[in-house]
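Notes to accompany the following structure.
Quick note on labels: first sequence line is chain A, next is B, and so on, each numbered from 1.
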Amino acid sequence: MNHWLMKSEPDVFSIDDLKTRGKEPWDGVRNYQARNFMRDGMRIGDRIFFYHSNCKVPGIVGIAEVVSEAYPDPSQFDPDSKYFDAGSSRAAPRWMLVDVGYVQTFPRTISLDELKSCPQLADMPLLRKGNRLSVMPVAAGDWQFINGLAGA
DNA sequence: GCCAACGTTGGC
DNA sequence: GCCAACGTTGGC
């Protein structure tokens, strides 16, 4: 099983929103590297750290899981969507997504500051300077370590 | 709201 | 194929 981290702005879609909905199509990803992780890397049952970005205390707030295979992101075909992509077509979809299901909310947020303070996590892609990927892999060891921090 | 970092676009 | 301009991300 592979492990992942996905960023979301809580003002737009928070882990509480995911909890309420149960599962959600992860639409709107318009970065090729992130798309490739979803399309080629993710398998049903893979676990995901849910990360809140662009907010007061950015950090990992809980766990989600992959609940579908990758399929074309419908929003790319919708002219009324802000994610519409005129360069894509149903015959050759450019953007893929997976459905993400709620698993648990951590008892506390593992803040970005705390993650940065752990020498064990220095190689995490999340902590690399200038990284803006919204979907990225998490090494098995880092997954275990962070779960330990969360008391989960 | 600022701005550094980085991806994409498009002229040439 | 180069690279300047532009847009976006996301921490602060």
Side-chain angles (χ1 to χ4, degrees), chain A residues 2-21 23-42 46-66 70-139 142-143 145-150 152:
Chain A
N2 291 316
H3 298 94
W4 308 93
L5 181 144
M6 295 172 102
K7 295 179 184 173
S8 186
E9 301 187 22
D11 290 347
V12 178
F13 191 80
S14 71
I15 193 160
D16 288 338
D17 294 325
L18 182 62
K19 183 175 186 179
T20 301
R21 298 238 210 169
K23 69 172 185 174
E24 183 76 1
W26 207 259
D27 64 1
V29 173
R30 294 294 180 268
N31 171 282
Y32 288 105
Q33 208 178 342
R35 178 205 64 185
N36 293 347
F37 285 135
M38 288 197 288
R39 186 187 63 187
D40 307 328
M42 288 190 178
D46 282 359
R47 294 282 160 135
I48 303 162
F49 281 142
F50 198 106
Y51 181 92
H52 280 175
S53 67
N54 226 335
C55 55
K56 194 153 191 172
V57 183
I60 298 171
V61 293
I63 294 178
E65 70 177 335
V66 178
Y71 62 95
D73 181 343
S75 67
Q76 70 193 303
F77 308 125
D78 177 3
D80 294 328
S81 169
K82 64 173 175 172
Y83 300 127
F84 177 67
D85 183 349
S88 185
S89 70
R90 290 182 189 276
R94 181 176 289 172
W95 305 110
M96 307 288 281
L97 55 69
V98 297
D99 291 343
V100 168
Y102 176 81
V103 175
Q104 73 171 112
T105 303
F106 284 153
R108 66 187 188 88
T109 298
I110 312 302
S111 71
L112 180 60
D113 275 351
E114 182 172 358
L115 295 169
K116 283 179 177 170
S117 76
C118 298
Q120 297 92 330
L121 302 177
D123 291 334
M124 274 189 90
L126 176 70
L127 304 181
R128 265 209 345 261
K129 185 176 179 180
N131 179 30
R132 300 182 331 193
L133 267 183
S134 63
V135 178
M136 69 190 90
V138 175
D142 293 346
W143 179 269
F145 182 79
I146 293 167
N147 267 286
L149 291 179

Can you name the residues that form a salt bridge (Lys or Arg N to Asp or Glu O under 4.0 Å) with Arg94(A), not counting sequence neighbours?
-> Asp85(A)

Modelled atom types, side-chain donor and acceptor of Arg30(A) and Ser75(A), under 3.5 Å | yes

Quick check: are there more than 12 heavy atoms from other residues, nucleotides or ligands sitting under 6.0 Å from CG of Asp123(A)?
-> no

Which pair of heavy atoms, one from Leu97(A) and one from Pro74(A), lies closest together, and at what distance?
-> CD2-CD, 3.9 Å

Would you mind classifying the nucleic acid contact of Lys116(A) as base, sugar-phosphate or nothing, using non-hydrogen atoms under 4.0 angstrom?
-> sugar-phosphate

Under 4.0 Å from any atom of DNA chain B, heavy atoms only: list the residues of residues 74-94 of chain A that qualify, in numerical order.
-> none

ring-ring contact (aromatic ring centres under 6.0 Å, His included) between Trp95(A) and Tyr71(A): does it pass, once the steps are laid out?
-> CA-CA 8 Å; Trp95(A) 305 110; Tyr71(A) 62 95; over 10 Å; no

Is it true that the side chains of Ser14(A) and Asp16(A) contain a donor and an acceptor less than 3.5 Å apart?
-> no

Determine the contact category for Leu127(A): base if any of its heavy atoms lies under 4.0 Å from a base atom, sugar-phosphate if only primed atoms, P, OP1 or OP2 are that close, otherwise nothing.
-> nothing

Contact span of DNA chain C against chain A, any nucleotide atom under 4.0 Å from a heavy atom, 5' to 3', runs dG7(C) to dC12(C)

Determine, for Arg35(A) against Asp73(A), whether the closest basic-nitrogen to carboxylate-oxygen distance falls under 4.0 angstrom.
-> no

Qualifying residue, where the test is ring-ring contact (aromatic ring centres under 6.0 Å, His included) with Trp4(A) and the options are Phe37(A), Tyr51(A), Phe50(A), Trp143(A) = Phe37(A)

